[in-house]
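Here the structure is laid out as structure tokens; the discussion comes afterwards.
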Protein chains: 2
Amino acid sequence: MGRREAGKADRRVRIIQAARDLIRETGNPGLSMRALASRAGVSLATPYNLFGSKRAIVLAVLQDVKAFHQRFAEVETSDPLERLLVAVEMQIALYLDDPVFYHTVWTAMFDLSDSVRTTFYNPRRDSFWQGLIAQAAQADAIAPEIDQDLLLRQLDHHFRSTLMDWVLGEIEPRALTPTVRLGYALILKGACMPQWRPALHLRILESQAELRDHHASRDRRPQAEQGPTP
Amino acid sequence: MGRREAGKADRRVRIIQAARDLIRETGNPGLSMRALASRAGVSLATPYNLFGSKRAIVLAVLQDVKAFHQRFAEVETSDPLERLLVAVEMQIALYLDDPVFYHTVWTAMFDLSDSVRTTFYNPRRDSFWQGLIAQAAQADAIAPEIDQDLLLRQLDHHFRSTLMDWVLGEIEPRALTPTVRLGYALILKGACMPQWRPALHLRILESQAELRDHHASRDRRPQAEQGPTP
DNA sequence: GGCATTCTTATAACATGTTATATTTGTGAG
DNA sequence: CTCACAAATATAACATGTTATAAGAATGCC
């Protein structure tokens, strides 16, 4: 690896930094490829050579952020199901800490126009959550006949949809946490061993109450005059 | 309403028809606004006057399709939870009957770049599902302390995410039904009264087995070399 | 029937993601 | 040092969603 590769890596870094800065400053709208190239001090063609597409760049930015796992390492909760709930709540909290940035990044994540196979699931993320679920299974909290991979997939589905609601503006930020918690608790209650049900049921009721409060404190969602009937 | 409105309505219909035909013939790629306008025999500006954006048009196409509720009316199952599962499976079946078309339509649905407030939830759809859930609750299948609206939202989340996996190509078509069924069964098991759990548990195991078969019969999902770590 | 309004049309233009081309620059190897 | 190669650059071009503008036609009202 001579200086050729080094130069390339440097350009990659500059592009990612420029993208992150532009997103932080202006949100999605400010991040045009021309603005990005100019800010990174490269030509318009270079980001395409190095990343392939705009979406790939935004996702590289997201990948560059890795504060989460460190934060979570400090949590000590013995209850294995509770650990799952806490972990997912912390993730939401991370996003709400920097809403403009994550809103943009997740919007790109949900952008289907592009064929970049990014997959929401990647080894690092998967293994983290698989670990939590495996722990729960070993602690006899999750029924042994439940497939752990599939369970994780179900939890992810719910997580993603809730985030999508947020990106679409169909959910208020403060409803994010209870919504996610409610979904996780419901699914986990369906997958857990009988003796763990009461605790999860409590979490369900808590989340419901929280959501009802929010709902009560604002007007009804405006009726969409036209909508699909899937 | 004079002929002015009639002409407008006619143009609207022609545009929706042209859009549907183009989607059916070529999928998304063939549906450019210029092609659409030409096919509908109107100028490029007209679709924008009448609908506002491309996404709005595609969604109008989706709204135009309403075969589902009629089909479902013929189903007779006494078990109220089973009715929910059957309903959602029928919906999936509807999509798989005409995959190119629905793939395109759902891709548009998931397109966030546009500000059209379509909402996945609309009165007609909501009331259908709310009815099924209310029936289940009246039959003592769903615990009374569970909020029915929130439960429906959770089910929808799962449905949407699974469809998104399909649109993204992260899931095979034949895995769609068991995936959705698994999620519904898990969530419903978390929300149901105790005596209904065994039946749902059975459905969970069934779905898992089906999914494992699919999984076993193909190579591992290709590892994404780079992915985000949300 | 004549006129004003409203909407379509035709057309151009713009923004932006993306690709292609040709030129230049820097690097590594002999 | 020199040369060949690889990759970046500058630049143009393309596709497409969308908007703007001016002109023209249909409609409804008097």
Side-chain angles (χ1 to χ4, degrees), chain A residues 1-16 18-19 22-23 26-61 104-105 107-118, chain B residues 1-16 18-19 22-23 26-61 104-105 107-118:
Chain A
M1 324 270 129
R3 304 171 52 158
R4 194 103 93 192
E5 292 303 312
K8 230 193 254 193
D10 179 59
R11 257 165 270 143
R12 269 213 187 82
V13 168
R14 288 214 314 272
I15 289 170
I16 290 183
L22 281 173
I23 292 173
T26 63
N28 205 6
L31 185 68
S32 89
M33 293 300 277
R34 288 165 178 83
L36 174 62
S38 149
R39 175 86 160 229
V42 299
S43 123
L44 173 61
T46 303
Y48 288 98
N49 288 334
L50 295 180
F51 293 89
S53 73
K54 175 175 177 176
R55 192 181 175 219
I57 293 170
V58 178
L59 294 172
V61 170
T104 303
V105 162
T107 302
M109 187 77 136
F110 288 133
D111 178 15
L112 311 180
S113 63
D114 191 41
S115 63
V116 185
R117 301 282 298 156
T118 33
Chain B
M1 319 278 125
R3 305 173 51 157
R4 201 155 241 158
E5 291 303 312
K8 232 196 255 195
D10 179 59
R11 257 165 272 145
R12 268 212 187 82
V13 168
R14 287 213 317 271
I15 289 170
I16 290 183
L22 282 173
I23 292 174
T26 63
N28 204 7
L31 184 69
S32 88
M33 293 301 278
R34 287 166 179 83
L36 174 62
S38 151
R39 176 86 160 231
V42 298
S43 122
L44 173 60
T46 302
Y48 286 99
N49 288 334
L50 295 180
F51 292 89
S53 72
K54 175 175 176 175
R55 192 182 175 217
I57 293 170
V58 179
L59 294 171
V61 170
T104 303
V105 162
T107 302
M109 189 76 137
F110 288 133
D111 179 14
L112 312 180
S113 63
D114 190 42
S115 64
V116 184
R117 300 283 298 154
T118 33

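These values consider heavy atoms only, across backbone and side chains, with no hydrogens, waters or symmetry-generated copies. Order of the sequence lines fixes the chain letters, A, B, ..., with proteins taken first and strands second; residue numbering starts at 1 for each chain.
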- Item | Spacing of CG belonging to L22(B) relative to CZ belonging to R39(B), to within rounding of 0.5 Å | 4.5 Å

- Residues in side-chain contact (heavy atoms from CB on, under 4.5 Å) contact with T26(A), at least two apart in sequence or another chain: none

- Integer-rounded Å distance: dG17(C) C1' and I57(A) CD1: 11 Å

- Query: Taking C-beta and beyond as the side chain, do I16(B) and F51(B) meet within less than 4.5 Å on heavy atoms?
  - Reply: yes

Might you list the N or O atoms of the protein lying below 3.5 Å from N or O atoms in nucleotides 24-26 of chain D, with each pair's distance?
residue	atom	partner	partner atom	Å
dA26(D)	N3	R4(B)	NH2	3.1

- Task: Mind calculating the distance between NZ (K8(A)) and P (dG28(C)) to the nearest angstrom?
- Result: 12 Å

- Item | Pairwise distance NZ(K8(A)) to CG(N49(A)) - rounded to 0.5 angstrom | 9.0 Å

- Message: Tell me the interatomic distance from N49(B), atom CG, to dA10(C), atom C1', rounded to whole angstroms.
- Response: 13 Å

- For the student: nearest non-hydrogen atoms of P47(A) and I15(A), plus distance: CA-CD1, 3.9 Å

Exercise answer: donor-acceptor pairs, residues 29-38 of chain B side-chain atoms, under 3.5 Å, sequence neighbours excluded:
residue	atom	partner	partner atom	Å
S32(B)	OG	R34(B)	N	3.4
S32(B)	OG	A35(B)	N	3.0

- Message: Could you tell me how far apart F51(A) (CZ) and dG17(C) (C1') are, to the nearest whole angstrom?
- Response: 16 Å

- Item | Results of side-chain hydrogen bond (donor to acceptor under 3.5 Å, both in side chains) for R11(B) - residues two or more places apart only | none

- Who passes side-chain hydrogen bond (donor to acceptor under 3.5 Å, both in side chains) against D10(A), sequence neighbours left out? R14(A)

- Message: Can you measure Y48(A) atom OH to dA10(D) atom C1' for me and round it to whole angstrom units?
- Response: 16 Å

- Item | Phosphate contact (dG17(D) OP1 or OP2) by S53(B) side-chain N/O below 4.0 Å | no

- Query: Listed in order of residue number, which residues of residues 32-45 of chain B have a non-hydrogen atom at under 4.0 Å from DNA chain C?
  - Reply: R34(B), G41(B), V42(B), S43(B), A45(B)

